[in-house]
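All remarks here apply to the structure that follows.
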There are 4 protein chains.
Amino acid sequence: MFQIDDKSNVAIYEQIIWKIKELRLRGVLRPGEKLPSVRELSAMIIANPNTVSKAYQELERQGVIETRQGKGTFMAEAMSNMPDPRYRAAIKEQLQRMVIDAIYAGLSLPEIQSWLQEEFEKLGGGKDA
Amino acid sequence: MFQIDDKSNVAIYEQIIWKIKELRLRGVLRPGEKLPSVRELSAMIIANPNTVSKAYQELERQGVIETRQGKGTFMAEAMSNMPDPRYRAAIKEQLQRMVIDAIYAGLSLPEIQSWLQEEFEKLGGGKDA
Amino acid sequence: MFQIDDKSNVAIYEQIIWKIKELRLRGVLRPGEKLPSVRELSAMIIANPNTVSKAYQELERQGVIETRQGKGTFMAEAMSNMPDPRYRAAIKEQLQRMVIDAIYAGLSLPEIQSWLQEEFEKLGGGKDA
Amino acid sequence: MFQIDDKSNVAIYEQIIWKIKELRLRGVLRPGEKLPSVRELSAMIIANPNTVSKAYQELERQGVIETRQGKGTFMAEAMSNMPDPRYRAAIKEQLQRMVIDAIYAGLSLPEIQSWLQEEFEKLGGGKDA
DNA sequence: GTGGTCTAGACCACG
DNA sequence: GTGGTCTAGACCACG
């Protein structure tokens with residue numbers, strides 16, 4: 001279920017965040033579903049509990065998961081979209097950098113477009129799988 | 001010509017790298033053109049010369065710019081595309097993360113597609129502007 | 001284990017790079033083995049941490065070592081050979097310059113051949129010691 | 001006759017030194033032959049006269065060329081070998097670094113041996129062509 | 001504790 | 001004037 005890349009430049013806690021969001025979008029994790037505890041997940045992926053904890057805190061801040069005292073951590077019932085304009089701007093910059101790198105890697109627009117569509121479909125396009 | 005965001009999470013030297021690639025793709029910087037010296041650019045963007053130097057070194061390693069001893073730094077004549085498969089995989093991951101964030105931000109596929117096309121056109125799509 | 005020559009014309013960070021590659025080839029450093037931290041090595045060889053850091057960064061770029069976030073730096077598992085033709089050309093030039101200097105120093109072909117063989121054997125000839 | 005690589009990491013004055021030694025070893029430049037003046041050579045290779053001057057000074061110091069006041073610069077009559085042990089040690093280090101790089105580039109001993117022999121023969125092996 | 005980034009500034013080789 | 005190397009040291013993210 002869970003693959004983390006030790007050697008990646010992307011911080012492990014960020015990999016966890018993206019992975020959980022991805023699993024949510026793909027319908028593998030469902031609303032209200034219980035997540036592994038910090039200790040369980042850190043054991044599963046061989047990471048420091050602090051690292052998992054940091055990921056969970058950030059996910060909670062974003063409304064993706066919820067902690068219920070004494071009961072554990074759960075996927076949120078609703079998928080919160082954050083229509084924060086600053087957030088949109090950040091994504092646009094992410095896309096701009098990706099496009100620059102892509103052109104330098106010799107990728108064509110149709111190629112990236114097909115990747116984009118493929119990813120969107122794999123993730124259900126937000127249609128709350 | 002050159003805007004650097006102090007408060008960004010993206011490191012200054014990385015911002016410089018992307019900016020120079022962007023200006024190259026948009027045709028603002030042309031093949032063989034002389035770049036500002038390390039000291040000049042660091043004065044322009046109010047950064048430390050070492051930071052600019054690090055960006056220039058990485059750009060040289062990527063074949064984007066060239067250093068000629070005692071003469072300064074120049075845009076490379078040819079735009080090197082790097083058909084390195086590892087590099088393509090890294091870009092695909094970049095795109096995957098962007099899509100996850102985009103869906104969570106409530107963006108639709110058509111919206112991102114139009115952003116993508118817009119960016120590609122703005123950057124000449126590698127058609128060596 | 002680690003000797004750096006202060007007075008050499010070869011930059012300290014380059015000496016570190018060659019030394020680590022040499023120790024790897026001689027089997028002193030083994031795949032997956034933990035390297036001294038930047039701070040430790042800089043203390044060992046009495047150099048600035050930044051200098052060691054620069055060497056480590058270049059070694060990582062070449063695939064010789066790997067950095068794992070917050071865990072330290074490790075020898076890569078596999079020895080990456082880089083069959084980059086530009087790289088081969090650079091080595092041939094290195095050899096050409098060495099031969100010119102050798103002839104001017106009055107060295108004969110058999111002498112250099114025996115040095116070459118000796119070095120190759122000492123380094124295991126890439127047979128992944 | 002003379003090729004200098006602007007973009008090489010090897011300093012231009014060092015390229016000139018190696019080139020003149022190479023031409024001498026290959027018999028293109030002969031003992032006692034007149035060399036182009038500093039100004040002529042700097043014009044030929046589009047370099048700064050100071051750069052050529054530095055190369056000539058170093059070549060003279062090594063006994064490869066001779067300056068005769070008011071007459072110009074000439075190849076030395078005899079090929080001076082310098083059996084300086086420090087010099088031999090430096091060449092051995094040069095060879096060691098080359099071998100390390102070669103193994104990392106996936107080159108085999110026979111390959112380098114054949115390169116070595118080839119170069120030696122091309123340069124007359126010091127047999128004062 | 002670990003490496004990454006950045007500043008400040010020195011010194012030097014090269015051109 | 002140009003970039004390359006190095007020192008000294010701060011601050012921070014990550015684990």
Ignoring hydrogens, what is the shortest heavy-atom contact between Y87(B) and A105(A)? Give both atom names and the distance. CD2-CB, 3.5 Å

Starting at CD of E14(C) and ending at C1' of dC6(F), how long is that distance when rounded to a whole Å? 13 Å

Between P on dG4(F) and CG on N9(C), what's the gap in Å once rounded to a whole number? 18 Å

Name the nucleic acid region contacted by N48(A), choosing base, sugar-phosphate or nothing; use a 4.0 angstrom heavy-atom cut-off, strictly under. sugar-phosphate

Rounding to an integer number of Å, can you tell me how far K7(D) NZ sits from dG15(E) C1'? 18 Å

Under 3.5 Å, is there any donor-acceptor pair linking the side chain of N50(C) to the base of dG9(F)? yes

Quick one: does NZ or CZ of K19(C) land under 6.0 Å from the six-membered ring centre of F2(C), within 45 degrees of the ring axis? no

Donor-acceptor pair under 3.5 Å, R39(C) side chain vs dG3(E) base: yes

For the pair made of CD1 in I16(B) and C1' in dT5(E), what is the distance, rounded to whole Å? 12 Å

Rounded to whole Å, NZ of K71(C) lies from P of dG15(F) at a distance of 8 Å

Could you tell me how far apart Q57(B) (CD) and dC6(F) (P) are, to the nearest whole angstrom? 11 Å

For dG3(F), which nucleotide in any strand shown is its Watson-Crick or wobble partner with both distances under 3.5 Å? dC12(E)

Ignoring backbone atoms, establish whether Y13(B) has a side-chain N or O less than 4.0 Å from OP1 or OP2 of dT5(E). yes

